[in-house]
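Values below: all heavy atoms of this structure, side chains included; hydrogens, waters and symmetry mates excluded. Proteins get letters first, then strands, A, B, ... in listed order; numbering begins at 1 in each.
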Protein chains: 2
Amino acid sequence: MLTKGKKILIADDEADILEIIQYNLVKEGYDVITAKDGDEALLKAKNNKPDLIILDIMMPKKTGDEVCEILRSQPAFKNTLIVFLTALNDESSHIKGLETGADDYVSKPVSPKVLVSRVNALFRRVNMEPEGKVLKIENLTIDPDKFEVVVEDKDVTLAKKEFELLYLLASRPGRVFLRNEILNQVWGNDVIVGDRTIDVHIRKVRQKLGLDCITTVKGVGYKFSL
Amino acid sequence: MLTKGKKILIADDEADILEIIQYNLVKEGYDVITAKDGDEALLKAKNNKPDLIILDIMMPKKTGDEVCEILRSQPAFKNTLIVFLTALNDESSHIKGLETGADDYVSKPVSPKVLVSRVNALFRRVNMEPEGKVLKIENLTIDPDKFEVVVEDKDVTLAKKEFELLYLLASRPGRVFLRNEILNQVWGNDVIVGDRTIDVHIRKVRQKLGLDCITTVKGVGYKFSL
DNA sequence: TTTTATATTAACAAATTGTGAAGTCAAATC
DNA sequence: GATTTGACTTCACAATTTGTTAATATAAAA
């Protein structure tokens with residue numbers, strides 16, 4: 001069987017639903033992992049880094065909402081697709097679900113085929129802007145897959161945060177990122193770190209690259225520019 | 001209300017639906033264009049290059065499916081978000097719609113608020129977060145994202161307040177801003193600064209730009225004019 | 001001319017960022 | 001299990017930039 005190389009985690013406490021959805025997604029070529037409550041979903045999400053997570057809202061241990069919120073607050077899951085699957089069909093929970101950061105909200109009962117279609121549509125849209133895009137700016141290359149930075153044919157080793165910081169800035173050369181934006185993107189929404197932390201990391205990147213490619217915009221933020 | 005700078009085209013032959021959706025999207029900060037049949041939708045799509053298009057399926061002239069297919073075949077609309085809004089609720093048309101290249105498929109009747117939520121979610125996912133508007137006036141360019149001012153191909157570095165001041169004035173060339181308005185917009189409603197403070201900043205902008213583009217209207221305020 | 005509002009300049013205060021050193025913690029190595 | 005290593009953070013202080021004021025000069029209106 002040809003696999004799409006996309007991992008999907010399904011969390012639902014109803015075993016039969018879990019099974020039928022799993023069956024249909026596997027048939028479509030996805031790798032599927034299942035969980036039967038909120039805590040298990042969180043655990044498996046962390047261990048398996050799925051590309052998409054289907055969450056039932058009414059689950060034991062933790063509700064889908066809660067799982068979603070916890071995941072979204074972590075940088076590692078900022079780009080993970082999340083779909084709510086729920087028997088609730090009132091307007092307010094629908095809206096709340098989407099605002100929590102879900103990418104789709106599907107009401108039960110739903111045909112497995114329709115669900116698969118929606119999953120396909122989400123991947124289609126997201127894959128247009130591939131996340132692991134290699135950035136090349138003059139003699140600087142940044143490869144997020146290999147986690148590798150090359151300056152003038154020489155490898156530069158950056159730590160994780162340093163790399164993420166550089167990648168963020170370089171992903172939109174010229175654009176100024178507010179200190180707040182940087183915090184949210186690199187550190188995560190809820191993490192609290194001191195003001196000087198960003199500076200120190202910026203400094204390390206500047207130091208290691210040996211290039212004057214990060215410009216300070218005082219009172220605003222930082223931007224990449226060569 | 002601050003606009004998100006995102007254009008949405010809605011195509012539906014039912015005038016009342018058109019109106020209520022338009023109202024809700026505008027309230028949310030989107031720029032909205034409407035069309036009442038398939039041909040008009042195509043025409044307006046080409047002329048306005050919307051970021052997202054909401055298509056009713058059952059429309060005169062051309063159906064939503066057809067419009068979608070035509071648009072998707074053109075490179076210019078590869079990345080445009082498309083949402084089907086339809087009374088059809090059978091599984092096969094749902095699936096077919098998504099496979100045609102739609103990004104979402106919403107069944108009528110739908111609460112306008114839910115629709116707005118789904119639209120927001122789509123924009124959030126494609127990371128099309130609104131960008132500030134770049135102002136171009138003759139040989140002067142002001143880019144709020146890059147925090148950059150270019151005069152005759154030369155970069156000019158402005159401090160934060162200076163930039164905000166210039167951006168405010170230049171956003172409405174010719175319009176006179178009262179000193180009070182300037183204070184509110186640039187410094188904030190509650191900040192108290194002396195009268196001369198504005199003058200000094202105006203002077204710095206004039207100096208740095210090397211252009212006579214800010215005119216004093218004595219006893220009233222300042223205006224941008226080239 | 002007199003009055004009033006704005007321009008200019010320099011000095012000062014405030015806010016922001018840069019830097020080196022040191023501490024914390026967890027993972028890797030011995 | 002102890003030790004080492006390295007990533008990450010914080011701190012204190014230096015360096016820098018920005019914002020504000022005050023004093024004086026200039027120009028426009030009355």
- prompt: Got a sec? Which of residues 212-219 of chain A come in under 4.0 Å of DNA chain D, heavy atoms?
  reply: A:Lys218
message: Show, in sequence, the C-alpha distance, side-chain angles and deciding distance for A:Leu25 and A:Ile54, and conclude whether the side-chain contact (heavy atoms from CB on, under 4.5 Å) test is met.
response: CA-CA 11 Å; A:Leu25 286 172; A:Ile54 299 174; 4.0 Å; yes
For atom CG of A:Leu183 and atom P of C:dT17, their distance in whole Å: 12 Å
side-chain N/O A:Trp187 vs D:dC8 OP1/OP2, d < 4.0 Å: no
- prompt: Which whole-number value in Å describes the distance from B:Ile198 CD1 to C:dA7 P?
  reply: 11 Å
- prompt: Under a 4.5 Å cut-off applied to non-hydrogen side-chain atoms, are A:Val149 and A:Leu166 in contact?
  reply: yes
Residue-phosphate contact under 4.0 Å: A:Thr197 side-chain N/O, D:dT10 OP1/OP2: yes
task: Ignoring backbone atoms, test whether A:Arg206 places a side-chain nitrogen or oxygen under 4.0 Å from the OP1 or OP2 oxygen of C:dT19.
output: no
statement: Comparing B:Asp195 with B:Gln207, nearest DNA chain C nucleotide closer to 5' gives the residue B:Asp195
query: Atom CG of A:Asp199 to atom C1' of D:dT16: distance rounded to whole Å?
result: 13 Å
field: Proximal nucleotide (of C:dG20, D:dT9, C:dT9) relative to the A:His201 side chain
entry: D:dT9
message: So that I know where these two stand, are A:Tyr30 and A:Phe123 an aromatic pair - ring centroids less than 6.0 Å apart?
response: yes
Gap between atoms NZ and C1', on B:Lys204 and C:dT8 respectively (whole Å): 12 Å
message: Quick check: do B:Phe224 and B:Tyr167 have side-chain heavy atoms less than 4.5 Å from each other?
response: no
- request: Check every strand shown and say whether A:Phe163 touches a base, only sugar-phosphate, or nothing at a heavy-atom separation below 4.0 Å.
  value: nothing
statement: A:Lys160 NZ to C:dA27 P, in whole Å, measures 12 Å
- prompt: Tell me: CZ of A:Phe177 to P of C:dT17, nearest whole Å?
  reply: 16 Å
- prompt: Pick the nucleotide of DNA chain D nearest each of B:Lys208 and A:Lys208; which residue has the one closer to the 5' end?
  reply: A:Lys208
query: How close or far is atom P of C:dA15 from atom NZ of B:Lys161, stated in whole angstroms?
result: 10 Å
query: Do the non-hydrogen side-chain atoms of B:Asp31 and B:Lys6 ever get within less than 4.5 Å of each other?
result: no
message: What is the separation between atom CZ on A:Arg203 and atom C1' on D:dA7, rounded to the nearest whole Å?
response: 15 Å
task: Please check if the side chain of A:Asp51 supplies one atom and the backbone of A:Lys7 the other of a donor-acceptor pair under 3.5 Å.
output: yes
- request: Look at the aromatic rings of A:Phe84 and A:Tyr105 and report parallel, tilted or perpendicular, splitting at 30° and 60°.
  value: perpendicular
query: Does A:Arg196 make a side-chain N or O approach to OP1 or OP2 of D:dA12 shorter than 4.0 Å?
result: no
- prompt: Within the structure, does a side-chain N or O atom of B:Tyr222 lie under 4.0 Å from either OP1 or OP2 of C:dA7?
  reply: yes
- request: Looking only at side-chain atoms of A:Arg179, point me to the closest of D:dC8, C:dT9, C:dT17.
  value: C:dT17
